[in-house]
**Student:** 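Below are the structure tokens for one structure; questions will follow.
Not measured: the values here are computed from a predicted model.
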Amino acid sequence: KFYDINTAFDNQRQFRIGLGYNYNAKPKNIKPFATSKFLRKSDYLALVRDFNFTLIPKSFSFRSEINRSYSEQQFKNNRDVFNFEQPILYTKTFNWNRIYDVQHDLTQSIRLTYSANNLSFIDEPAGRVDKDDRDSYNQYRDTIWESIFRFGENVTFNQNFSANYRVPINKIPILDWISTDVRYSGSYNWQRAPFSQDTLGNVIQNSRNISINGQLNFLSLYNKIDYFKNVNRKFQRQGRGGARSLSGRGRSERGGKDEEDEEEPEKKEKDENAITVLDYFAKLLMSVKNLSIVYSQNEGTLLPGYNRTSN
């Protein structure tokens with residue numbers, strides 16, 4: 001309660017109640033072909049052997065919040081010219097907010113999420129809430145409960161959905177140097193028209209995003225090709241050849257028969273490690289180690305004057 005020189009009274013009441021539920025689990029991932037001996041005979045069957053799925057969601061949460069505020073306010077008449085009592089002002093809001101969230105790892109590669117938020121108003125009769133007037137109060141109470149059973153008058157509704165898919169292309173041995181992720185996300189929003197301007201209609205809008213991320217590990221690809229592996233081996237030996245040449249110079253100063261005996265094998269090894277122009281071109285080509293590819297597409301629609309409700 002509040003009052004001052006200009007205010008006869010200003011009574012405010014705030015009520016808030018909430019209920020929440022949160023479920024988290026570690027659901028069992030089912031792999032029906034994991035123990036198959038036939039599918040283990042070849043790495044190319046890994047795509048079938050590693051097939052898996054999960055039956056129940058990983059998490060689920062629900063939260064419901066009811067907020068109500070009520071105020072009665074009357075100003076004083078401090079002027080002698082006007083001899084009348086100021087009217088009593090009533091301000092009432094009754095909101096109900098419901099929030100949902102679900103996460104489900106459908107497989108080890110596919111992850112799904114869904115969330116929704118619904119805000120509604122609970123209808124209240126205009127005027128004072130007077131418990132002393134039984135008829136008026138019973139009518140007020142019946143109106144409140146009837147609105148609650150109808151989940152109120154929806155004002156805003158939002159929902160979001162997303163799916164992430166790690167494409168198992170890297171389970172194919174010849175393509176194990178490629179990794180790809182695909183993501184889809186979509187949203188929907190419904191907004192009620194102002195209560196004083198229902199003829200304008202509601203407003204709805206939706207949007208979606210599709211993105212693809214690819215990673216190419218060329219270093220793994222080069223190691224699959226014998227020629228590229230041989231080129232790398234040549235350049236590595238060339239880097240160590242400088243140290244051997246210094247030690248060989250010391251032996252040449254001493255001379256001797258041993259040096260002549262080792263000359264022919266060294267020439268043969270030198271021919272095998274000789275770097276050609278094609279080898280230099282291949283080394284330049286292998287300077288590219290990784291490549292990332294990103295693709296994204298965004299779309300959306302806005303529609304005013306929508307006359308249907310959200311449910």
**Student:** Under 4.0 Å between a side-chain nitrogen and a carboxylate oxygen: does that hold for R192 and E153?
**Tutor:**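 So R192 pairs with E153 through a salt bridge.
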**Student:** Could you tell me if N117 and N158 have a donor-acceptor pair between their side chains, going purely by distance under 3.5 Å?
**Tutor:**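 No, no side-chain donor-acceptor contact under 3.5 Å.
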**Student:** When you measure from the centre of the six-membered ring of W96, is the NZ or CZ of R98 closer than 6.0 Å and no more than 45° off the axis?
**Tutor:**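 Yes, R98 and W96 form such a contact.
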**Student:** Does this structure show an ion pair linking D176 with K171, if we count only N-O contacts that are shorter than 4.0 Å?
**Tutor:**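 Salt bridge absent between D176 and K171.
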**Student:** How many angstroms lie between atom CG of N213 and atom CG of N164, to the nearest 0.5 angstrom?
**Tutor:**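 Output value for this atom pair is 10.0 Å.
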**Student:** Strictly by ring pair (Phe, Tyr, Trp, His ring centres under 6.0 Å), give each pair with a member in residues 12-33 just once, sequence neighbours left out.
**Tutor:**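 Not a single pair qualifies under ring pair (Phe, Tyr, Trp, His ring centres under 6.0 Å).
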**Student:** Not counting sequence neighbours, list each pair that qualifies as a ring pair (Phe, Tyr, Trp, His ring centres under 6.0 Å) and has a residue in residues 203-228.
**Tutor:**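 Ring pair (Phe, Tyr, Trp, His ring centres under 6.0 Å) check on residues 203-228 returns W177-F218, Y222-F228.
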**Student:** Classify the ring geometry of Y280 against F235: parallel below 30°, tilted from 30° to 60°, perpendicular beyond 60°.
**Tutor:**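 Taking F235 first and then Y280, their aromatic rings stand perpendicular (interplane angle over 60°).
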**Student:** Not counting sequence neighbours, which residues clear salt bridge (Lys or Arg N to Asp or Glu O under 4.0 Å) with K92? List them please.
**Tutor:**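 Result, salt bridge (Lys or Arg N to Asp or Glu O under 4.0 Å) vs K92: none returned.
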**Student:** Any salt bridge linking D101 with R63? Criterion: basic side-chain nitrogen under 4.0 Å from a carboxylate oxygen.
**Tutor:**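 Not counted as a salt bridge, because no side-chain N and carboxylate O are separated by less than 4.0 Å.
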**Student:** Any chance the side chains of Q215 and S292 put a donor and an acceptor closer than 3.5 Å?
**Tutor:**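 Judged by distance alone, the side chains do pair up.
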**Student:** How long is the gap from CD on Q12 to CD on Q73, to the nearest 0.5 Å?
**Tutor:**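 That separation rounds to 7.5 Å.
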